[in-house]
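Take a look at the structure below.
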Amino acid sequence: MLERTLWHPVALAHAVGSQPMAANLLGEELALWRDAQGAAHAWDDRCPHRGARFSLGRVAGGELECPYHGWRFAPGGQCTAIPAMPDFKPGPRHCARTFEAREAYGMLWVRLAPPEGEARPIHDFPLFAAEAEPRLRKTTSGPYFVQASAPRIIENFLDMAHFGYVHEGWLGSRDHTAIPPYEVAPTPHGVRATGCLAWQPRSSIHAASGAEVEYTYEVTAPYMAVLTKQPEAGSTAIEGLWESIAMFVCPVTEETSVAWTRMAMNDFASPDARLIDFQDTIFGQDRPVLESQRPKRLPLDPAADLHSAADRISTAYRRHLRDAGIGFGVLR
Ligand code: FES
Ligand code: FE
């Protein structure tokens, strides 16, 4: 399964501490924890002794200790101690099942299986790194726990025609519902839409009045997308500088997900809480519709739903998932 060989976000990096925590990815149960060096780990949340949850355990001496019989495991997964048999030295078969974990863009990312062929980067958008482009402030919002499949969340993120209804007074208006034609093209790992124009009463916390905003949307991985836009004229606009918001989605089960947004904004004046509040409001407006959509899994058969020309980016996204062989969270 291709999606097991790709990186997926599983938690905000700062939420992973020395107390193990549980997370879920592509139907796998994970225990996330940090060792004494501060390195984050993602393991199968199941002790190989009697199957207890590692996420109920604790970190002791830089090792993960199972809550049931206290077996200890080193950061690489090797069992180092079995307290009931103090003189026994566990062999290489005594080890936990581990996955690859990495930190980037304020998140912890996990890959369940090694790539077949060319390895893909975590995300094709280095602008979101904390150290990239000092004129843009990086903030992360979420987690948003959603009873919707990951592809449904991405498709909604790419959809402009709902602004005037779901986000009326914020991202759109019922008086300006037309979506002018825009361009859609495939990219190596997704699709990109350019020249997307939307009339917005209040596209950011700085917008004083309504304006036509130009967006670029890009799907960078099956469950990730980025929008880029020019900051509001008259507020914080700098020639040539575009702001971005990424939607990072963790496919938890076929029909449930966790989402976060990563912002790169030309705004150093607002407190984090204000930027996050704005995203919380927008996502809160999307949630009931997302959770209402049927079928829960995104149908990839072109005949399954009706489409309009305003939906070109979403039909291109569905086609991409179909051609890439993505199977989780979709109906094929
Ligand atoms: Fe983990 Fe026994 S189940 S130590
Ligand atoms: Fe929305």
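Residues: numbered from 1 along the sequence shown. Order of listing sets the numbers, starting from 1, for every ligand and every atom in it. Atom set for the values below is all heavy atoms of this structure, side chains included, hydrogens, waters and symmetry mates excluded. Predicted model, so just to flag it, every value in this text is computed and none were measured.
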Taking atom types as modelled and ignoring hydrogens, do the side chains of [X] and [Y] form a donor-acceptor contact shorter than 3.5 angstrom?
| X | Y | answer |
| --- | --- | --- |
| Ser149 | Arg297 | no |
| His189 | Arg120 | yes |
| Ser314 | Asp311 | no |
| Thr194 | Thr216 | no |
| Glu214 | Tyr182 | no |

Polar side-chain atom of Gln200 near backbone of Leu171 as donor-acceptor pair, under 3.5 Å: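 Checked: pair present.
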
Is the gap between the ring centers of [X] and [Y] under 6.0 Å?
| X | Y | answer |
| --- | --- | --- |
| Trp43 | Phe54 | yes |
| Tyr223 | His8 | yes |
| Phe163 | Tyr165 | no |

Total protein N, O or S atoms, atom 1 (Fe) of ligand 1, separation less than 2.8 Å: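 Near atom 1 (Fe) of ligand 1, the number of protein N, O or S atoms below 2.8 Å is 2.
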
Shell of protein N/O/S atoms around the Fe ion (ligand 2), taken as anything under 2.8 Å: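 Listed by chain and number, the nearby protein N, O or S atoms are His162 NE2, His167 NE2, Asp286 OD1, Asp286 OD2.
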
